[in-house]
Amino acid sequence: AYERTCCYFARKSNSVVVCVGYRLAPEHPYPAQFEDCLTATIHFMRTVKDYGVDPSRIIICGDSSGGTLTAAVAQALVNRKDLPKLRAQILIYPFLQCVDFNLPSYQQNEQVPILLKERALTLGLKYINKDLSVMEASLKGCHVPEDLQLKYQKWVSPDHIPPEFKTRGYKPSTTRPFSKELYTQLKPVFDTVFSPLLAEDSVIARLPEAFILTCEFDVLRDDGLLYKKRLEDHGIKVTWCHLQEGFHGTL
């Protein structure tokens, strides 16, 4: 599915492009996908000169769930002293958090193909091998305990979304009753490998420069906007491209 896209990137940017054929869920449970991407990246960094590549110009890139993996790999490498530093990360309409499914973009675009709101969560639950019976309560946010709500509020909140993105059919959502049973089942979604937007400030502050692409008609639009804000709050340079007529999968 991505061979033509990768060939296009290589040709247009005059770059060496490495595409990671990571193992897929549900046959290979989470976090095998992240582990494969991290292993491949580290291997390439250690053998980079074999490919005629300047070690100071390595960029990692991914779209959708690949954007999740890109962000997670970049975070995993910040403390590595034995490897070259990443030049940049490219996140194309990435999925970055599983805390709030009622952000403006989730409300506005819940019925927009190809990534309907329910489909986004369905894919996430299948990824971590959880039963889809928890979907309705998860969409309402019943899996987030009060202490984590308070902690994550500074990073994941409609308050951090610029006003111009709230003009199209957005209503602030009411809080939902917390379910300890649901929280216990869904604990993996708070892992920063699954939700890179939840990484601590000490990690975010050391990340490389970023390019973030968001689409107006995409439930994941606000994930990209929130990550952009977090990076910029720590002085990380972000090049942001917003496709006003774009939708998820537009690449």
Side-chain angles (χ1 to χ4, degrees), residues 1-13 15 17 19-20 33 37 59-74 88-124 127 139 155-173 194-197 207-233 236-251:
Y2 279 81
E3 184 180 3
R4 285 181 66 187
T5 306
C6 290
C7 288
Y8 179 84
F9 283 169
R11 190 168 64 249
K12 289 290 183 180
S13 62
S15 303
V17 174
C19 184
V20 183
Q33 300 70 28
C37 289
I59 298 170
I60 55 174
C61 171
D63 75 311
S64 195
S65 57
T68 320
L69 293 166
T70 297
V73 168
Q89 54 181 324
I90 297 175
L91 310 177
I92 300 170
Y93 36 76
F95 173 94
L96 297 172
Q97 60 86 28
C98 214
V99 171
D100 191 344
F101 293 105
N102 283 293
L103 291 169
S105 62
Y106 268 106
Q107 289 190 26
Q108 295 160 344
N109 304 307
E110 63 179 337
Q111 296 299 329
V112 177
I114 55 176
L115 193 64
L116 284 70
K117 179 175 173 175
E118 283 197 3
R119 188 176 188 201
L121 184 54
T122 297
L123 292 171
Y127 184 37
L139 286 171
W155 305 327
V156 185
S157 167
D159 295 343
H160 305 318
I161 303 296
E164 61 266 30
F165 292 103
K166 298 179 187 173
T167 56
R168 184 168 54 90
Y170 165 65
K171 292 181 183 174
S173 59
F194 193 93
S195 296
L197 187 53
L207 287 170
E209 180 179 345
F211 174 95
I212 298 176
L213 184 139
T214 54
C215 294
E216 180 60 29
F217 298 101
D218 180 7
V219 291
L220 303 184
R221 180 197 70 203
D222 293 350
D223 284 23
L225 295 178
L226 292 170
Y227 206 54
K228 171 181 179 288
K229 181 182 187 305
R230 284 209 72 193
L231 292 169
E232 289 176 336
D233 285 350
I236 311 293
K237 184 182 174 187
V238 178
T239 301
W240 174 49
C241 174
H242 181 66
L243 303 182
Q244 194 59 48
E245 301 296 323
F247 53 88
H248 195 84
T250 202
L251 182 66

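Here, residue 1 is the first one in the sequence, and each next residue gets the next number.
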Legend entry - Tyr227/Leu207 under side-chain contact (heavy atoms from CB on, under 4.5 Å): CA gap, chis, key distance, verdict: CA-CA 12 Å; Tyr227 206 54; Leu207 287 170; 3.3 Å; yes
Legend entry - Check against side-chain contact (heavy atoms from CB on, under 4.5 Å), Ile212 and Leu231: CA-CA 11 Å; Ile212 298 176; Leu231 292 169; 4.1 Å; yes
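- Looking at Leu116 and Thr122, their side chains never come closer than 4.5 Å, going by heavy atoms from C-beta outward.
- Identified under the salt bridge (Lys or Arg N to Asp or Glu O under 4.0 Å) test for residues 93-121, with sequence neighbours left out: none.
- No side-chain heavy atom of Tyr127 sits less than 4.5 Å from a side-chain heavy atom of Ser65.
- Annotation: ring pair (Phe, Tyr, Trp, His ring centres under 6.0 Å) contacts of Tyr106 (sequence neighbours excluded): Phe101.
- Put simply, CG on Leu96 and OG on Ser195 are 8.5 Å apart, with the number rounded to the nearest 0.5 Å.
- Taking the side-chain contact (heavy atoms from CB on, under 4.5 Å) definition, one finds that Cys61 meets it with Ile90, Ile92, sequence neighbours left out.
- With rounding to the nearest 0.5 Å, the separation of NE2 in His242 from OG1 in Thr214 is 5.0 Å.
- Contact detail for Tyr93 and Cys215: the closest heavy-atom pair is CD2-SG, 3.8 Å.
- Listed here is the closest heavy atom pair of Ser64 and His248: OG-NE2, 2.8 Å.
- Here the closest non-hydrogen pair linking Gln107 and Gly169 is OE1-O, 4.1 Å.
- Rounded to the nearest 0.5 Å, atoms CZ (Phe211) and CD1 (Ile59) are 11.0 Å apart.
- Here CG of Leu197 is found 11.0 Å from OG1 of Thr68. Values are rounded to the nearest 0.5 Å.
- Going from atom OG1 of Thr239 over to atom CG of Leu213 covers 11.5 Å, rounded to the nearest 0.5 Å.
- Remark: Phe217 engages no residue in a ring pair (Phe, Tyr, Trp, His ring centres under 6.0 Å) (not counting sequence neighbours).
- Under the side chain to side chain donor-acceptor pair (under 3.5 Å) criterion, Ser13 pairs with Ser15, not counting sequence neighbours.
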Inset, instruction - Evaluate the criterion side-chain contact (heavy atoms from CB on, under 4.5 Å) for residue pair Thr167 and Gln108; output intermediate values, then yes/no. - result: CA-CA 10 Å; Thr167 56; Gln108 295 160 344; 5.9 Å; no
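- Taking all atoms of both residues into account, the shortest heavy-atom contact from Pro162 to Leu225 is CD-CD1, 4.4 Å.
- When the shell of 6.0 Å around CD of Glu164 is examined, it contains more than 12 heavy atoms from other residues, nucleotides or ligands.
- Here Asp218 contributes atom CG and Thr250 contributes atom OG1; the two are 9.5 Å apart, rounded to the nearest 0.5 Å.
- Listed here is the closest heavy atom pair of Ile114 and Gly249: CD1-CA, 4.4 Å.
- Each salt bridge (Lys or Arg N to Asp or Glu O under 4.0 Å) pair with one or both residues in residues 219-229, not counting sequence neighbours, appears once here: Glu216-Arg221, Lys228-Glu232, Lys229-Asp233.
- Judged by distance alone, the side chain of Arg230 and the main-chain N or O of Trp155 form no donor-acceptor pair under 3.5 Å.
- Leu226 and His160 make their closest contact through CD2-CB, 3.6 Å (heavy atoms, listed as atom of the first residue, atom of the second, distance).
- A centroid separation of less than 6.0 Å is found between the aromatic rings of Phe95 and Phe194.
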